[in-house]
Every structure is written in structure tokens, then in C-alpha cells.
Number of protein chains: 2
Amino acid sequence: MPDRKSKTTGTLPSPIPRRRLGVSPCAACDVRDSALCAALSPIERMRFSEGVTILTVPAASPLIDEGEPDLYVFNVVEGCLKVYKLLSDGRRQITGFLFPGDFLGLVNSADYTCSAEAVTETRLCRISRKQFDAFFDTMPSLERRLYTFASERIAEVQEHMLLLGRKTAAERLATFLSILSRRAAEAGRPADVIVLPMSRDDIADYLGLTTETVSRTFSKLRKAKLISIDKDRKIRLLDLEKISEIAAGS
Amino acid sequence: MPDRKSKTTGTLPSPIPRRRLGVSPCAACDVRDSALCAALSPIERMRFSEGVTILTVPAASPLIDEGEPDLYVFNVVEGCLKVYKLLSDGRRQITGFLFPGDFLGLVNSADYTCSAEAVTETRLCRISRKQFDAFFDTMPSLERRLYTFASERIAEVQEHMLLLGRKTAAERLATFLSILSRRAAEAGRPADVIVLPMSRDDIADYLGLTTETVSRTFSKLRKAKLISIDKDRKIRLLDLEKISEIAAGS
DNA sequence: CGGCTACTTGACGACGCTCAAGGCTTGTGG
DNA sequence: CCACAAGCCTTGAGCGTCGTCAAGTAGCCG
């Protein structure tokens, strides 16, 4: 317990200074208009921000472990997280990757139902579950938005269940690339260039495959001239339409 | 569209008479204390019930189709539904089975994101999405409970993603049996006897397997003396502990 | 009784996994 | 600046689990 705590919260550098200055950390937040907090009025956001701590988690560091008490919820401000479940023998299923604007804490139970770990260095804003829940009573718009997030999340995981249960390796990877392409476009970046922050291992555990199969399938897509693979895990989508078709099950 | 409507709502027998009698259909509802409606006060329930229609869907009849406008939400009163997604070539993933007390409509988007079909003859209470949403504004407890349902649902599908992505056939089936056993116990029935309302095909599409594999795996569990298979899809769990162990990944 | 559907079982094959080796990049220390 | 180690990724060979195809059985209903 003590060493775990040092691992998860060991690197909280700047938040207190910021608050001491009387400036809400939310004021300069990059994701405040897309994240959960977009539901808050300026005054509400001010109140909200009093409970908020900004923390930075280095790449490959654990943030939460399944089974631990659900003490905090998080907004991702910058970077990338992976959320996953483990079997006792080490088999792992990554249930999702979280990017800026995403909320970690939709499942509200006594203990965390998943583990989470930083993929790249990740900046988060954190608030205690207790405080967060308390805001509900006075801010119905927050609860509404939280429900909207949960609803969208359920739609997403339904798609992912279809992928895991019924799609081939090529279809899975094509789906993965399509999703990231769409997210890139939504973030205002080009839809045909994708930077993968995560390793082949992570992709495999997200898609229910092995590293080797992911690697082979990348090669297959490359040889079919559907993608090109640059340095630094950068993928160029050469035929977005065809990739979408494969993703949908040809 | 017209013929679909006749299929989904073609068998609506009793609701209007009931309302005419001035008796809320909720008054005699079997699931009103476990379903979403448990969040409502008697007065609220009265108001709520004015918008409610009870309908009965025969076994194997479609209720909603993915892509159709999201016009209604449902509570299952009696029976069993399957909710699923299809690929264009017919591959199917059942994302869940719904039983009495379960809510159909957690995903709130313009169109249905899944199809649903009755497994056995199913009694449902239906309300228009529009009316349902309108209740939120005046009944915060309803929204709170809806969020609770969504939260629990997300926890469930995370488990199911682990199953689909990482578990073996035997582990999947053992997990399925464990879940149904727990539900039976929660409903006050013995935990070691399970009646499967759904076909082997449905189980296969829920677990990401084929009928044949499901059948073979049932046989394997039977030969290992972990279960016995009676008539009428009745399964006796002979070693609940061992089944749970297998479900968890041995 | 015949036909239908659901389920079971067998034989075979394929897709993806396991095991293994090798290449490439990155960081570190001599 | 280079040598070396450690990861990460790729590729190959062989295997196994589960899918496919097919036949057979059992229960149900007209």
C-alpha cells in the first residue's frame, strides 16, 4: 500500500503552487471545452477546480490497479493511458486507450474494476471520487454529461465486443486504424497520418491478438499498399476507404 | 417500415384496457422494485406510468433493428431478450442477454446501435425516448439511477471484453454459467440449477465461438462431472467452485 | 409418421499462437 | 566514438485450438 501510493502519486509536481497563486488550473486547461468539465459554468468550474490536482505520470508508470479502493477520478489532459484487466496467469485485455479529454472513472463502484497505466507521459487532472460525487447534487448538468459519456462509452464497447468476438486479425487492425484516424480528424489533425503512442504488445492486447500477429498484419497491409510505416510508430493510411471496408468486414 | 412496425408492435394486447381502468400498469409490476423505476416515488411512478405501454413480444421476434431511429426505451418485465450487432456477411456478436428488471436503452443516440430480439416470449414496458428524457428534468433520482445502471453495465462489458479477447472456450462457457448462476441466486433461485432460455447458437454468438464448439465444450464439462445436462436446456452445476476457477482462468 | 429444428459428434483444415532467431533502434558505459 | 546490451519489432517454422463441413441423433409438432 505505501509503495503503491508512492508509485501512483509520486510524481505530483506543480499543482499546489498553481492553486496558491489563486489561479484555477482549469483556466489554462487545453481540454476544458471537450472534457466532462465542458458541462460546467465558469463559476461551477471555479468551485470544481478547488478540488482538482494536476499530476504528471511518466511513461509506463501505473496509475491505478484493479481492486484498489476507488478514491479518485481523472480527466486526461495530455498523453495517453491504457486501461486493462488481467487474468491470474498474466493474460491481459486492454479495454481502452484514453486520450486528452477522456474521462477515467465512469465505473463507480467501491473498487476500481480495471487497472490503468500511462503509455506516454501523461498529464491528468484528478479529483477525489467523494468530492466528485458531491458535485452531482448541485450540478445536474455534470451528471447529465457524465451519463452522456457513459452512453457513448457503451456504444464504443459494443463495437469492440463485435471486433473481439467476430472479426479477423486484418479486420481488427483495420478497425483500430480507422478509429484512430477518426479521432485524429476530430482533433483537427490529418486523418491519414496516425502516430501510435503504444507498442505492438499494447495493440495486440487491445485487439485480442498477439504481438506477432499484429506485426504480421501490419506487414500484410503494407504489402497491400494500404498503409506505409514510417519511423517513430507513424502510420500513413494510403487508402482510407479500403481500410474502412476491411474494418467493416469487407 | 410498415411491416417492421407490425412485427415489433403487432402483438400489443392488454395495455389500453388496463389504463382505461384507471389502474397504473406499474401497480402490479413484478420488477418495479428492481428495475429503473425503483428510483421513482409512488407519485412519480404514477406520472411515469401514463406514458408506458406494456407489450408482449413472441419468442424469436425482432424488437428493434440497429440503425433505426431510437424512438423507445424498454424495461424487461418477463422473459429474455438478446441484444446484438451484425456484420454485413452475417457474423453476429450478441452483446448481452436481458432479463426481468433489465433496461434496454442505455445508449442514447439518434439511432439504435444494436438490434434486439426476443429469445423467449417477453413482456416489456415501453416508453418513448422523448417522454423518458423529459422525465429527467424533473426527476433527478431517475437520472442518477440510469447512470448507476450504465456504470454497472460498463463494468460488465469490461469483463466480457476480457472473455472475448483472452479466454479459452472452456473458460468462456464456465464464465457464462457462473454469471447465470449468480443471477439465479440474486433472483432467489438455487445457484446450482440454470435454465438456459437461449439456443446453442445464441450462446456461441455471445461467447465469440461457434455452435459446435459450445456443444463440444458442454460435453467436455459434462464428462468432467462439472455439470449435468437435463431436458429443456436445464443445466445442473455439480461443482460450482471448480466452474468458477475455470471461469477465472484456472 | 414425416419433416423440422436443435443439438451432438467426427474429420479435417486454417487462422492465429508459440517458440525461436534475427534486425533495428536506443541508451549506456568504456 | 564505438561496443555492447536491452527493447521493440519483424519474420519464419511448426503447432494447436477452434472453425468448417458433414453426418447422425433426438425431440417436437403437424
Side-chain angles (χ1 to χ4, degrees), chain A residues 58-61 82 87 89-93 119-120 163-176 195-224 227-235 246 249-250, chain B residues 58-60 80 82 87 89-93 117 119-120 163-176 194-224 227-235 246 249-250:
Chain A
S61 298
K82 59 190 175 200
L87 291 173
D89 61 0
R91 278 175 287 172
R92 184 178 67 157
Q93 178 64 43
V119 173
T120 61
L163 178 152
L164 291 171
R166 290 301 180 214
K167 288 189 182 178
T168 66
E171 289 164 357
R172 293 179 199 209
L173 193 56
T175 304
F176 180 62
V195 178
L196 301 174
M198 68 293 286
S199 68
R200 295 286 185 270
D201 259 291
D202 288 343
I203 298 172
D205 283 344
Y206 180 60
L207 299 180
L209 301 169
T210 59
T211 318
E212 295 92 331
T213 299
V214 170
S215 189
R216 270 187 261 272
T217 308
F218 265 122
S219 298
K220 211 179 295 178
L221 292 180
R222 184 165 40 72
K223 283 165 191 161
I227 63 171
S228 71
I229 304 176
D230 298 12
K231 298 266 164 213
D232 296 328
R233 293 170 171 173
K234 198 158 88 178
I235 309 285
I246 295 174
S250 59
Chain B
C80 176
K82 58 190 175 200
L87 292 173
D89 61 0
R91 278 176 286 172
R92 184 179 66 158
Q93 178 63 43
E117 185 179 313
V119 173
T120 61
L163 178 151
L164 292 171
R166 290 302 179 213
K167 289 189 181 178
T168 66
E171 289 164 357
R172 293 180 199 208
L173 193 55
T175 304
F176 181 61
I194 287 171
V195 178
L196 301 175
M198 68 293 286
S199 68
R200 295 286 185 272
D201 260 291
D202 288 343
I203 298 172
D205 283 344
Y206 181 60
L207 299 179
L209 301 169
T210 59
T211 318
E212 295 92 331
T213 300
V214 169
S215 189
R216 269 186 261 271
T217 309
F218 265 122
S219 299
K220 211 181 294 178
L221 293 180
R222 183 165 41 73
K223 282 165 191 161
I227 64 172
S228 70
I229 304 177
D230 299 11
K231 299 264 164 216
D232 296 328
R233 293 170 170 172
K234 198 158 87 179
I235 309 284
I246 295 174
S250 63

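Below, chains carry the letters A, B, ... as their sequence lines are ordered, and counting in each starts from 1.
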Item to complete: Specify the residue among Lys231(B) and Leu209(B) whose closest nucleotide of DNA chain D lies further upstream toward the 5′ end.
Response: Leu209(B)
Fill in: Any side-chain donor near an acceptor of the partner, Arg222(A) and Ser219(A), under 3.5 Å
yes
Worksheet item: Nearest-Å distance, CG (Asp230(B)) to C1' (dG27(D))?
Response: 15 Å
Worksheet, complete the sentence: When every non-hydrogen atom of Ile229(A) is compared with those of Arg200(A), the smallest separation belongs to CG2-NH2, 4.3 Å
Worksheet item: If you look at every strand shown and take non-hydrogen atoms under 4.0 Å, does Arg222(B) touch a base, only sugar-phosphate, or nothing?
Response: sugar-phosphate
Worksheet item: Taking 4.0 angstrom as the limit, do Asp232(B) and Lys234(B) come out as a salt bridge?
Response: no
Practice prompt. Using the closest heavy atom to pick a nucleotide of DNA chain C for each, name whichever of Ala170(A) or Ile229(B) lands nearer the 5' end.
Written response: Ile229(B)
Worksheet item: In terms of side-chain heavy atoms of Ala169(B), which of dT25(C), dC18(D), dC17(C) is nearest?
Response: dC18(D)
Worksheet item: Can you check whether Gln93(A) reaches Leu164(B) side chain to side chain, under 4.5 Å on heavy atoms?
Response: no
Discussion item. Please classify the nucleic acid contact of Arg172(A) as base, sugar-phosphate, or nothing, using heavy-atom distances under 4.0 Å.
Written reply: nothing
Practice prompt. May I ask you to evaluate whether Thr213(A) reaches the phosphate of dG16(C), defined as a side-chain N or O under 4.0 Å from OP1 or OP2?
Written response: no
Worksheet, complete the sentence: Here the distance between atom C1' of dG27(D) and atom NZ of Lys234(B), to the nearest Å, is 17 Å
Worksheet item: To the nearest Å, how far apart are Arg166(A) CZ and dG19(D) P?
Response: 7 Å
Worksheet item: Between Arg172(B) and Val214(B), is any pair of side-chain heavy atoms under 4.5 Å apart?
Response: no
Item to complete: Would you mind classifying the nucleic acid contact of Ser199(A) as base, sugar-phosphate or nothing, using non-hydrogen atoms under 4.0 angstrom?
Response: sugar-phosphate
Item to complete: Would you kindly give the CG-to-P distance between Asp205(A) and dC8(D), to the nearest whole Å?
Response: 13 Å
Practice prompt. Looking only at side-chain atoms of Arg233(A), point me to the closest of dC9(D), dT8(C), dT18(C).
Written response: dC9(D)
Worksheet entry | Per Ser219(B) side chain, nearest of listed nucleotides dT9(C), dA26(D), dG16(C) | dT9(C)
Response to the item:
Closest of dG19(D), dC9(D), dG16(C) to the Arg216(B) side chain is dG19(D)
Worksheet item: Can you tell me how far C1' of dT17(D) sits from CG of Leu173(B), to the nearest Å?
Response: 16 Å
Item to complete: Return the nearest nucleotide to the side chain of Asp232(A); candidates are dC9(D), dT8(C), dT26(C).
Response: dT26(C)
Worksheet, complete the sentence: Atom CG of Asp201(A) and atom P of dT10(D) are separated, to the nearest Å, by 11 Å
Item to complete: Just call it for Arg91(B): base, sugar-phosphate, or nothing, with non-hydrogen atoms closer than 4.0 Å on any strand.
Response: nothing
Item to complete: Specify the closest pair of heavy atoms between Lys167(B) and Arg91(A), including all atoms of both residues, with the distance to one decimal.
Response: CA-NH1, 3.9 Å
Item to complete: Decide yes or no, distance alone: a donor-acceptor N/O pair under 3.5 angstrom between the base of dC9(D) and the side-chain of Glu212(A).
Response: no
Item to complete: Give the rounded distance in Å between these two atoms: CD1 of Ile203(A) and C1' of dG16(C).
Response: 17 Å
Worksheet, complete the sentence: From NZ of Lys167(A) across to C1' of dC15(C) the rounded distance in Å is 18 Å
